[in-house]
Amino acid sequence: MAYWLVKSEPSAWSWDQQVAKGAKGEAWTGVRNFTARQNLINMKKGDKAFFYHSNEGKEIVGIAEVIKEAYPDPTDKTGKFVCVDIKADKPLKTPVTMAAIKADKKLADMALVKYSRLSVQPVTAEEWKLVCKMGGL
């Protein structure tokens, strides 16, 4: 299993909206960056992803699961981009803020810190364990 982080502004798509979609999940559309696109292509069914609220909140609030692998993004008129389907798995007991992540030297190389604008990012197994612990899981 691989680990990822997906970002959304809560005003555009929030954790609560993701949870409300239930087991059928929702397509993670709208990604228009080629590095993020490659990360979506690399996602496999069953992989886990941190759900990060960007701009408002700036915190990891939950864990999602990839339930459908990459397919053409129906919102992309160019045909160059893909999406995956994800479903909410579980909330973090305590949201993990960007400030808390930046304050932990063990997370200094995390993509969230180094490439803060990238909307779909890989997360290492070590980073995953540490952030889950910080979030009370």
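Because only heavy atoms are used, hydrogens play no part in the values below, and waters and symmetry mates are left out as well, while side chains stay in. Starting from 1, each residue takes its place in the sequence as its number.
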Show every donor-acceptor pair shorter than 3.5 Å between a side-chain atom in residues 79-98 and any protein atom, with sequence neighbours excluded, or say none if there are none.
from : atom 1 : to   : atom 2 : distance (Å)
D85  : OD1    : Y71  : OH     : 2.5
D89  : OD2    : K48  : NZ     : 2.9
K93  : NZ     : G136 : O      : 3.4
T97  : OG1    : A100 : N      : 3.0

### Task
With rounding to the nearest 0.5 Å, note down the distance linking CD in E59 to OG in S54.
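It comes to 11.0 Å.
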
#### Entry: Y52-W15 aromatic ring centre distance below 6.0 Å
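Distance test on ring centres: not under 6.0 Å, no.
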
### Those residues that, when tested against F50, pass ring-ring contact (aromatic ring centres under 6.0 Å, His included) (two or more places apart)
W128

### Summary
Residues passing the ring-ring contact (aromatic ring centres under 6.0 Å, His included) test with W4, sequence neighbours excluded, are none

Is a side-chain donor or acceptor of [X] paired with a backbone partner of [Y] at a separation under 3.5 angstrom?
X	Y	answer
D47	M43	no
N55	E9	no
D104	I101	no

### Task
Any chance you could pull the hydrophobic cluster mates of L118, using side-chain heavy atoms under 4.5 angstrom and chaining through other members?
Y115

### Task
Name all pairs fulfilling the ring-ring contact (aromatic ring centres under 6.0 Å, His included) condition that reach into residues 89-114, sequence neighbours left out, sorted by first residue then second.
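Qualifying pairs: none.
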
### Task
Indicate the atoms forming the closest heavy-atom contact of H53 with P10, along with that distance.
CG-CG, 3.5 Å

### Query
Would you call K21 and E26 a salt bridge, using N to O less than 4.0 angstrom?
yes

### Query
Do R37 and D73 sit within salt-bridge range, that is, some charged N less than 4.0 Å from a carboxylate O?
no

### Query
L112 and V6: same hydrophobic cluster, using ILVMFWY side-chain contacts below 4.5 Å?
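No; V6 is not reachable from L112 via cluster members.
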
### Summary
salt bridge (charged side-chain N to carboxylate O under 4.0 Å, His left out) pairs touching residues 114-137, sequence neighbours excluded, are D109-K114

